[in-house]
Novice: 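Can you read through this structure? Questions will come right after.
A, B, ... follow the sequence lines: proteins, then strands. Residue 1 opens every chain.
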Amino acid sequence: MRIYNTLTNRKEEFIPLTSGKVMMYACGVTVYDYCHIGHARSAIVFDVIRRYLKYKSFDVKYVRNFTDIDDKIINKAQQEGITWDAVAKKYTDEYYRDMDRLGVGRADVEPRATEHISEMIAIVKGLIDKGYAYEVEGSVYFAVDKFSEYGKLSKRDMEEMIAGARVEVDERKRNPMDFALWKKSKEGEPSWESPWGLGRPGWHIECTAMSIKHLSESFDIHGGGADLIFPHHENEIAQSEAFTGKPFARYWIHNGFITIDKEKMSKSLDNFFTIKEILDKFDPEVIRLFLLSTHYRSPIEFSDEQLRETESSLDRFYSTIIRMNNFLEKDEDKGSSLDAENTFKERISSFMEKFEEAMDDDFNTALALGHTFEFIRDVNKFLDSRPSEQKAKELLQKTKELFSEAIDVLNIFGRTPQEWYLSLMVTKKIGFSEKDIIEKIRERQDARQNKDWARADMIRKELEEKGIILEDKKDGTDWKIKSG
RNA sequence: GGCGGCGUACCCAAGUGGCUAAGGGAGAGGUCUGCAAAACCUUUAUGCAGCGGUUCAAAUCCGCUCGCCGCCUCCA
């Protein structure tokens with residue numbers, strides 16, 4: 001298995017510290033507002049990485065944090081007139097609501113910054129003792145020039161950074177690039193006791209404290225959005241390695257951004273969409289498939305049109321599942337098709353091989369999905385060949401097993417077609433209930449029996465205008481929701 | 001200014017030295033169907049931003065040019 005490592009800027013063979021075990025940490029969110037689709041991407045990417053590592057039989061320990069104390073949270077509390085911890089609670093709940101719907105699993109440990117104040121203080125103290133940090137008026141800063149490898153992750157040179165720095169220079173810092181480990185709190189702000197007086201932790205120190213506590217001083221994978229490379233992850237490395245004297249994370253994985261009109265989605269540009277807004281219009285599985293249809297490091301241009309296309313392709317999957325189920329449940333015509341059977345057998349045996357090969361190459365979900373859809377066509381082709389019953393049912397059963405393996409990894413394609421269409425009924429705000437549709441189908445069936453084609457077509461058209469598609473089969477009429 | 005990335009068909013997108021350049025969406029034609037839909041088949045890049053170069057061989061490596069974007073400030 002190969003993983004692209006931001007630290008070395010190339011794909012590397014993945015070898016965990018302890019054979020068979022993987023310790024991974026991903027930066028979660030600061031809980032001060034609703035999550036947007038960019039947060040969804042990051043969460044889904046690492047969810048899939050975690051699932052795939054498990055699929056590969058690694059014993060995975062996955063840690064993802066919540067930043068629950070920070071300037072933005074304090075500001076939000078003032079705006080909303082509630083306490084800072086009420087803000088954190090509210091948006092943590094919202095985070096779970098969104099992520100649950102998107103099929104993002106819980107991490108094994110989900111630590112919060114405020115639950116690790118004492119660990120952070122201990123590290124800050126240690127850094128002062130070792131000469132890497134200094135106190136000024138109740139705040140503590142990390143001295144970047146004491147850490148000779150500073151800049152190794154973001155490939156930055158200290159002098160250049162200072163020259164190009166747009167950051168306001170804080171006179172109390174010895175070096176403009178120094179960053180806060182501990183911040184003295186102002187009157188009325190949340191604060192904790194520390195050797196330097198009342199204050200609160202700087203942003204970066206929490207990840208150092210929590211990854212060391214819940215994983216180890218050295219661990220395998222650390223990830224997050226590409227915008228965390230600098231300064232967040234660079235600072236984490238500096239303070240962690242200075243503190244422990246050991247290498248921090250070995251593989252750094254960063255996901256690309258979501259763009260709108262080619263520009264990075266961001267709060268300041270006000271060009272972001274919350275997960276909630278999108279879920280109002282699209283099925284969560286569509287969003288997940290859409291985000292995994294592009295390699296995790298590439299940017300993704302977000303648009304409704306793209307989501308509609310994804311919806312159509314997901315519908316292709318479920319339409320095929322319906323065909324398979326129909327075949328498995330009913331007695332279809334038999335035919336002789338040894339060639340088709342043998343060809344399909346070959347496809348079955350090579351599918352997971354290709355799928356794994358794609359995922360092994362830096363988690364190439366886009367390619368893995370390509371193979372999946374190729375396989376879907378093979379399934380349809382096989383069904384078109386009117387295969388002989390008993391053998392075919394065995395093969396289709398095997399196919400379903402393969403799909404469920406892919407499902408375990410991507411957490412897509414896992415529902416029944418019925419669930420899929422019922423969900424589409426809701427997101428597309430179809431005015432008809434399933435019962436209404438079945439009633440209409442029955443009406444139309446009568447008309448068809450009487451060869452009253454005009455009436456049958458009229459009913460079909462009426463439903464189509466509502467977004468409901470009818471498909472006449474030999475032994476009945478199926479309905480589905482129009483996708484795209 | 002420094003560092004980095006990207007440019008593949010009508011749209012999205014995989015492919016980073018060697019089989020006919022995956023896959024999805026959309027369009028066109030066909031098979032099937034009472035008619036449809038779905039499915040399948042055929043079709044839409046002799047070419048991968050442009051120009052040079054390296055090589056027996058390049059979308060893939062190198063150079064230049066053009067265009068777009070990101071990071072350097074909180075940010076997934």
Novice: Which of these nucleotides, G34(B), G70(B), A38(B), is closest to any side-chain atom of Trp453(A)?
Specialist: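 Closest nucleotide among those given: G34(B).
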Novice: Provide the Watson-Crick or G-U wobble partner of U73(B), both distances under 3.5 Å; none if there is no partner.
Specialist: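 Per the H-bond distance test, none.
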Novice: Between G25(B), G34(B), A76(B), which nucleotide has the shortest distance from any of its atoms to the side chain of Glu309(A)?
Specialist: G25(B)
Novice: Are Phe375(A) and Phe403(A) an aromatic pair, judged by ring center distance below 6.0 Å?
Specialist: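 When the ring centroids of Phe403(A) and Phe375(A) are compared, they turn out to be within the sub-6.0 Å range.
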Novice: Just one of Asp360(A), Thr365(A), Asp47(A) clears the side-chain hydrogen bond (donor to acceptor under 3.5 Å, both in side chains) bar with Tyr52(A), so which one?
Specialist: Asp360(A)
Novice: Side chain of Ser313(A): nearest nucleotide among G25(B), C35(B), A37(B)?
Specialist: G25(B)
Novice: Can you tell which of A13(B), C41(B), G70(B) lies closest to the side chain of Lys381(A)?
Specialist: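 Selected nucleotide (nearest to the side chain): C41(B).
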Novice: Considering heavy-atom distances to RNA chain B, does Arg308(A) or Ser268(A) have its closest nucleotide positioned more toward the 5' end?
Specialist: Arg308(A)
Novice: Between C35(B), A38(B), C69(B), which nucleotide gets closest to the side-chain atoms of Arg448(A)?
Specialist: C35(B)
Novice: Whole angstroms only, please: what is the CG-P distance between Leu367(A) and U8(B)?
Specialist: 18 Å
Novice: Can you tell which of Phe273(A), Phe257(A), Phe272(A) makes a ring pair (Phe, Tyr, Trp, His ring centres under 6.0 Å) with Phe302(A)?
Specialist: Phe273(A)
Novice: Looking across every strand, which nucleic acid part, if any, lies under 4.0 Å from Gly225(A) by heavy atom: base, sugar-phosphate, or nothing?
Specialist: sugar-phosphate
Novice: Considering only G34(B), A39(B), C40(B), which nucleotide approaches the side chain of Arg323(A) most closely?
Specialist: A39(B)
Novice: So what's G47(B) paired with, Watson-Crick or G-U wobble, going by both distances under 3.5 Å?
Specialist: none
Novice: Is the phosphate of C40(B), meaning OP1 or OP2, less than 4.0 Å from a side-chain N or O of Asn380(A)?
Specialist: yes
Novice: In whole angstroms, how far is the P atom of G24(B) from the CD atom of Glu305(A)?
Specialist: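 Spelled out: CD on Glu305(A) to P on G24(B) is 18 Å.
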Novice: Send over the distance from Asp384(A) CG to G30(B) P, rounded to a whole Å.
Specialist: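 One finds 19 Å between P of G30(B) and CG of Asp384(A), rounded.
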Novice: For Leu228(A), which contact category applies under a 4.0 Å heavy-atom criterion: base, sugar-phosphate, or nothing?
Specialist: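 The answer is sugar-phosphate, as Leu228(A) gets under 4.0 Å only of primed atoms, P, OP1 or OP2.
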Novice: In this structure, how many angstroms lie between the C1' atom of C40(B) and the CZ atom of Phe382(A), rounded?
Specialist: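 Atom CZ in Phe382(A) sits about 15 Å away from atom C1' in C40(B).
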Novice: When you get a sec, tell me which of C41(B), A14(B), A76(B) is the closest nucleotide to the side chain of Arg377(A)?
Specialist: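 Nearest to the side-chain atoms of Arg377(A), counting from C-beta on, is C41(B).
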Novice: Which of these nucleotides, G70(B), G25(B), A14(B), is closest to any side-chain atom of Arg316(A)?
Specialist: G25(B)
Novice: Whole Å only: how far is the CD atom of Glu311(A) from the C1' atom of C11(B)?
Specialist: 17 Å
Novice: So what's G67(B) paired with, Watson-Crick or G-U wobble, going by both distances under 3.5 Å?
Specialist: C6(B)
Novice: Checking base pairs now: Watson-Crick or wobble, both atom distances under 3.5 Å. What partners C56(B)?
Specialist: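 Check on C56(B): paired to G18(B), both distances under 3.5 Å.
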Novice: Need one value for Lys72(A): base, sugar-phosphate or nothing, where a base atom within 4.0 Å counts as base even if backbone is also close, heavy atoms only.
Specialist: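 Sugar-phosphate, no base atom in range.
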Novice: Mind checking if Lys267(A) touches a base, just sugar-phosphate, or nothing, with heavy atoms under 4.0 Å?
Specialist: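 The answer is nothing, as Lys267(A) stays clear of every strand by at least 4.0 Å.
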Novice: Give one of base, sugar-phosphate or nothing for Glu374(A), where a contact means two heavy atoms less than 4.0 Å apart.
Specialist: sugar-phosphate
Novice: Looking at G24(B) and Phe373(A): do their rings stack (centroid distance under 5.5 Å, interplanar angle under 30°)?
Specialist: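 No, the aromatic ring of Phe373(A) does not stack with the base.
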Novice: State which of A39(B), G34(B), G25(B) makes the closest approach to the side chain of Ser312(A).
Specialist: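 Within the option list, the nearest is G25(B).
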Novice: Calculate the interatomic distance between Tyr4(A) atom OH and G15(B) atom P; express it in whole Å.
Specialist: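 Answer to the nearest Å: 14 Å.
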Novice: Return the minimal non-hydrogen interatomic distance between Ile321(A) and Pro417(A), and the atom names on each side.
Specialist: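 Of all heavy-atom pairs spanning Ile321(A) and Pro417(A), the closest is CG2-CG, 3.6 Å.
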Novice: May I ask you to say what His254(A) touches in the nucleic acid, namely base, sugar-phosphate or nothing, with a heavy-atom cut-off under 4.0 Å?
Specialist: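 No contact.
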Novice: Which part of the nucleic acid does Asp71(A) contact within heavy-atom distance under 4.0 Å: base, sugar-phosphate only, or nothing?
Specialist: nothing
Novice: Taking any strand in view, what nucleotide pairs with C40(B) in a Watson-Crick or G-U wobble way, both distances under 3.5 Å?
Specialist: G30(B)
